[in-house]
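Because the structure is a prediction, the values reported are computed rather than measured. In what follows, chains are A, B, ... by sequence order, proteins preceding strands, each numbered from 1.
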Amino acid sequence: MSGKTKNDQELRREEELHYFEDAGINPYPYSFDKTHKNQVILEKFDDNNAELFADVAVAGRIMSIRRMGKASFFHIVDDTAKLQIYFKRDDLPDFYDNLKMLDIGDIIGVNGYVFRTRTGEISVHARNVVLLCKSLTNLPIVKEEIDENGNKIIYDAFSDKELRYRKRYIDLIVNSHVRETFIKRSKMISFIRRYFDDKGWMEVETPVLQPLYGGANARPFVTHHNALDIPLYLRIALELYLKRLIVGGFEGVYEISKNFRNEGIDRTHNPEFTMLEIYVAYKDYKWMMEMVEELISKLAIHINGSSSVEIEGKQISLASPFKRVKMFDLFKEYTGFDLQGKSREELLKIAGELRVPIDPQASSMKILDEIFGAKVEEHLIQPTFVIDYPIEMSPLAKKHREEKGLVERFELFVNGKELCNAFSELNDPRDQRNRLEEQARNKAAGDDEAMVVDEDFLEALEVGMPPTAGLGIGIDRLVMLLTGETSIRDVILFPTMRPEK
RNA sequence: GAUCUCGUAGCUCAGGAGGUAGAGCAUUUGACUUUUAAUCAAAGGGUCGUGGGUUCGAGUCCCGCCGAGAUCACCA
């Protein structure tokens with residue numbers, strides 16, 4: 001127990017705990033043999049097969065109590081559904097009086113038979129009850145009603161976001177849609193794993209603690225290793241180690257794990273977030289686009305039963321294929337300017353005409369990025385592959401096979417937000433060295449998100465990496481898309497919070 | 001990091017002409033052996049985020065601090 005002062009309800013629960021102990025009932029027993037999940041009973045029971053449900057054992061947390069004198073109705077919830085339990089005094093001579101010492105939040109196990117009540121609800125008629133865990137704090141009471149149209153009306157929802165995120169275990173208990181969101185998240189990740197594994201690509205684990213960070217433009221977290229007495233960085237991307245593995249001879253590797261970026265927190269950013277990266281040898285970005293289309297459209301159907309999702313009131317179709325548009329064609333379409341091959345000064349002038357505010361020190365890459373963010377992104381509601389980026393924006397991508405000054409890269413945008421980033425991976429070590437050195441110069445000039453030169457990575461490329469297609473997907477944002485959530489904190493179980501004081 | 005908004009009982013909220021707090025649910029007691037936002041009757045529960053100021057008097061006005069949300073900046 002915390003040292004917090006207990007309120008009257010918490011004190012009463014302690015008294016009830018002692019009541020059970022004094023009665024020789026262990027309030028924290030060791031196990032309970034369940035025969036059925038609640039959902040199975042609700043789905044499989046019908047009035048003609050009652051004999052199959054004549055002796056069931058169910059268990060779960062008490063969520064509501066209706067005492068009617070010599071009969072009582074509780075709802076218990078397990079990890080599948082809410083189920084009603086009927087207690088009749090005559091059938092529970094030994095335990096019925098103990099029922100009033102049970103509270104919302106306690107966990108019980110019940111043996112009994114399944115039946116349908118007069119009002120039609122499938123329920124378990126209890127023959128035996130065991131207390132499995134006494135709860136010492138009171139939960140928020142959320143009541144639900146199904147109206148005549150079958151819509152669920154929720155009363156007194158537990159909705160304080162701060163409490164919900166800090167006390168996620170309570171959020172999960174009382175808000176069933178929250179539990180569903182995280183079940184979907186888990187299903188999505190296992191679907192992706194299965195999809196990749198079936199193709200013969202291998203899941204790997206690469207260092208989280210890295211002597212040099214790389215693979216993205218971001219500010220890292222720094223920590224210190226005592227025995228080695230060196231700084232170590234928490235990874236900002238998976239890329240450079242996964243490519244080393246392609247050099248090492250694996251032909252398809254992927255990793256799904258946390259990245260850490262020392263930046264602001266908002267509706268779409270959490271300092272630690274889950275990234276998927278995959279690298280497949282002998283493939284290019286065109287192949288990767290087809291893979292992404294298939295993966296995402298199949299995933300949507302697997303998760304939601306439909307390739308169409310509604311988010312922020314917009315209907316979005318994730319059915320394959322997705323639109324593909326060259327980045328500079330999008331600039332033409334939404335700004336009226338052809339920005340390809342323009343000098344920094346020309347871009348600065350155009351940004352001014354478009355009324356896009358730009359830091360006068362900004363590089364041309366930065367200016368393009370700003371204009372894209374301000375003028376183009378918002379139009380990319382339906383899934384759109386934006387392809388062929390300027391070389392300065394993509395230091396790890398391979399030069400375009402036809403167009404000078406561009407690289408073979410795509411980003412997938414959905415609902416105006418970037419979901420994936422991919423390229424034909426740069427495997428010419430000389431070109432890669434030049435580009436990283438350029439990054440290092442930018443860093444020296446004050447760009448604290450620019451990349452650093454990783455000599456070991458360059459040596460790996462000198463050993464030789466086959467042509468390779470690489471892809472990164474922000475899993476949290478993919479979950480947001482498929483669950484309709486608009487805040488990343490609603491798809492991360494324990495989002496980063498400032499500590500309470 | 002900036003701006004705006006918010007922080008009242010276990011939960012959801014009301015109060016805001018400054019006069020030391022209200023509702024519903026939850027809890028307690030009683031009635032009720034198929035109820036379901038169960039119902040009916042009665043009762044208990046709050047140093048109104050925190051520290052200071054103005055005032056005879058502050059949940060209410062002012063300032064600092066803590067925490068949160070939204071928008072923006074940066075990014076995925």
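Under the Watson-Crick or G-U wobble criterion, with both distances below 3.5 Å, B/G45 is left unpaired in every strand shown. Nucleotide B/C72 forms a Watson-Crick or G-U wobble pair with B/G1, both donor-acceptor distances falling under 3.5 Å. Applying the Watson-Crick and G-U wobble criteria (two distances, each under 3.5 Å), B/A9 pairs with nothing in any strand. In this entry B/U39 has B/A31 as its Watson-Crick or G-U wobble partner, both defining distances falling under 3.5 Å. Pairing for B/G64 goes to B/U50, judged as Watson-Crick or G-U wobble with the two contacts each under 3.5 Å. Both distances falling under 3.5 Å, in either a Watson-Crick or a G-U wobble arrangement, occur for no nucleotide opposite B/U55. With a cut-off of 3.5 Å on both Watson-Crick or G-U wobble distances, the partner of B/G18 is given as none.
Using a 4.0 Å heavy-atom distance criterion, A/F158 is classed as a sugar-phosphate-only contact. Within the nucleic acid shown, A/K82 has no heavy atom closer than 4.0 Å to any nucleic acid atom. Nucleic acid contact for A/A216: none, since no nucleic acid atom lies under 4.0 Å from a heavy atom of the residue. Contacts of A/R267 with the nucleic acid, taken as non-hydrogen atoms under 4.0 Å apart, involve only primed sugar atoms and P, OP1 or OP2. Residue-level contact check: A/R498 touches the backbone only, with heavy atoms under 4.0 Å from sugar-phosphate atoms and none from bases. Using a 4.0 Å heavy-atom cutoff across all strands shown, A/E121 reaches at least one base atom of the nucleic acid. Heavy atoms of A/E277 sit nowhere under 4.0 angstrom from any nucleic acid atom. Residue A/H75 is in base contact, counting any heavy-atom pair closer than 4.0 Å across all strands shown. Within the 4.0 angstrom heavy-atom criterion, base atoms lie near A/N270. Among the atoms of the strands shown, only primed sugar atoms or phosphate atoms (P, OP1, OP2) are found under 4.0 Å from some heavy atom of A/S159. Nucleic acid contact class of A/D476 (heavy atoms, under 4.0 Å, all strands): none. Across all strands shown, A/E272 has no heavy atoms under 4.0 Å from either base or sugar-phosphate atoms. Among the heavy atoms of the strands, none lies under 4.0 Å from A/N259.
Side-chain N/O atoms of A/N138 and base N/O atoms of B/C11 include no donor-acceptor pair closer than 3.5 Å. Residue side chain A/Q84 reaches the base of B/U35 through a donor-acceptor N/O pair under 3.5 Å, judged by distance alone. A donor-acceptor contact under 3.5 angstrom links the side-chain atoms of A/D90 to the base of B/U33. Counting atom types as modelled, A/D156 pairs a side-chain N or O with a base atom of B/G24 as donor and acceptor under 3.5 Å.
Rounding to whole angstrom units, CD1 of residue A/I265 and P of B/G69 are separated by 9 Å. Atom-to-atom, CD of A/E10 to C1' of B/G45 comes out at 12 Å; the value is rounded to the nearest Å. Remark: C1' of B/C25 and CD of A/E144 are 14 Å apart, rounded to the nearest angstrom. Taking atom CZ on A/R489 and atom P on B/A70, their separation rounds to 8 Å, with Å as the unit. A straight line from CG of A/D266 to P of B/A2 spans 16 Å, rounded to a whole angstrom. When rounded to the nearest whole Å, the span between CD of A/E162 and C1' of B/G49 equals 10 Å. Distance A/M68 CE to B/C40 P: 13 Å, rounded to the nearest Å. The interatomic distance linking A/K100 (NZ) with B/A31 (P) rounds to 10 Å, in whole Å.
Atom NZ of A/K326 has 12 or fewer heavy atoms from other residues, nucleotides or ligands within 6.0 Å. Annotation for A/K167: atom NZ does not count as buried by contact number, only 12 or fewer foreign heavy atoms lying within 6.0 Å.
Dashed line: the shortest gap from a side-chain N or O of A/K143 to OP1 or OP2 of B/A26 is under 4.0 Å. At least one side-chain nitrogen or oxygen of A/R12 sits closer than 4.0 Å to the OP1 or OP2 atom of B/U28. Taking only side-chain nitrogens and oxygens, A/R66 never comes nearer than 4.0 Å to OP1 or OP2 of B/U39. Distances shorter than 4.0 Å separate none of the side-chain N or O atoms of A/K70 from OP1 or OP2 on B/A31.
In terms of position along RNA chain B, the nucleotide closest to A/M497 lies nearer the 5' end than the nucleotide closest to the other residue of the pair A/E411 and A/M497. Mapping A/Y155 and A/S487 onto RNA chain B by nearest heavy atom places A/Y155 closer to the 5' end of the strand.
Judged by distance alone, the side chains of A/R409 and A/S394 do bring a donor and an acceptor atom under 3.5 Å apart. Checked by atom type, the side-chain pair A/Y113/A/H125 shows a donor-acceptor distance below 3.5 Å.
When distances are taken from the side chain of A/D160 to each of B/U12, B/C11, B/C74, the shortest belongs to B/U12. For A/K161, the side-chain atoms get nearest to B/G69 when compared with the rest of B/U34, B/G69, B/G10. For A/E145, the listed nucleotide lying nearest its side chain is B/A37; candidates were B/A37, B/C32, B/G10.
Taking atom P on both nucleotides, B/A41 is separated from B/C25 by 11 Å, rounded to a whole Å. For the P atoms, the distance linking B/A73 with B/C65 amounts to 26 Å, nearest Å. When the C1' atom is used for both B/U47 and B/A42, the distance is 29 Å, rounded to whole Å. B/C48 and B/G59: their P atoms are spaced 7 Å apart (whole Å). Comparing B/A70 with B/G64, their P atoms sit 24 Å apart, to the nearest whole Å. Comparing B/A14 with B/U54, their P atoms sit 31 Å apart, to the nearest whole Å. With both ends at atom P, the span from B/G46 to B/A23 equals 14 Å, rounded to whole Å. Nucleotides B/U28 and B/G45 have their C1' atoms positioned 10 Å apart, rounded to a whole Å.
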- Item | Stepwise side chain to side chain contact (heavy atoms under 4.5 Å, CB included) check, A/N138 with A/E10 | CA-CA 7 Å; A/N138 17 299; A/E10 288 162 344; 3.8 Å; yes
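Under the 30°/60° scheme for interplanar angles, the aromatic rings of A/H36 and A/F53 are found to be tilted. Ring pair A/F322/A/F385 is tilted by interplanar angle, where 30° to 60° counts as tilted.
Ring-centre distance between A/F331 and A/F372: below the 6.0 Å cut-off. Checked against a 6.0 Å centroid threshold, the rings of A/F273 and A/F260 do not count as neighbours. The aromatic ring centres of A/F410 and A/F423 sit 6.0 Å or more apart.
Scanning residues 163-182 of chain A for heavy-atom distances under 4.0 Å to RNA chain B yields A/L163, A/Y165, A/R166.
Between A/R12 and the choices A/E15, A/E14, A/E16, the salt bridge (Lys or Arg N to Asp or Glu O under 4.0 Å) rule is met once, by A/E16. A/R235 pairs in a salt bridge (Lys or Arg N to Asp or Glu O under 4.0 Å) with only one of the listed residues (A/E255, A/E272, A/E205), which is A/E255.
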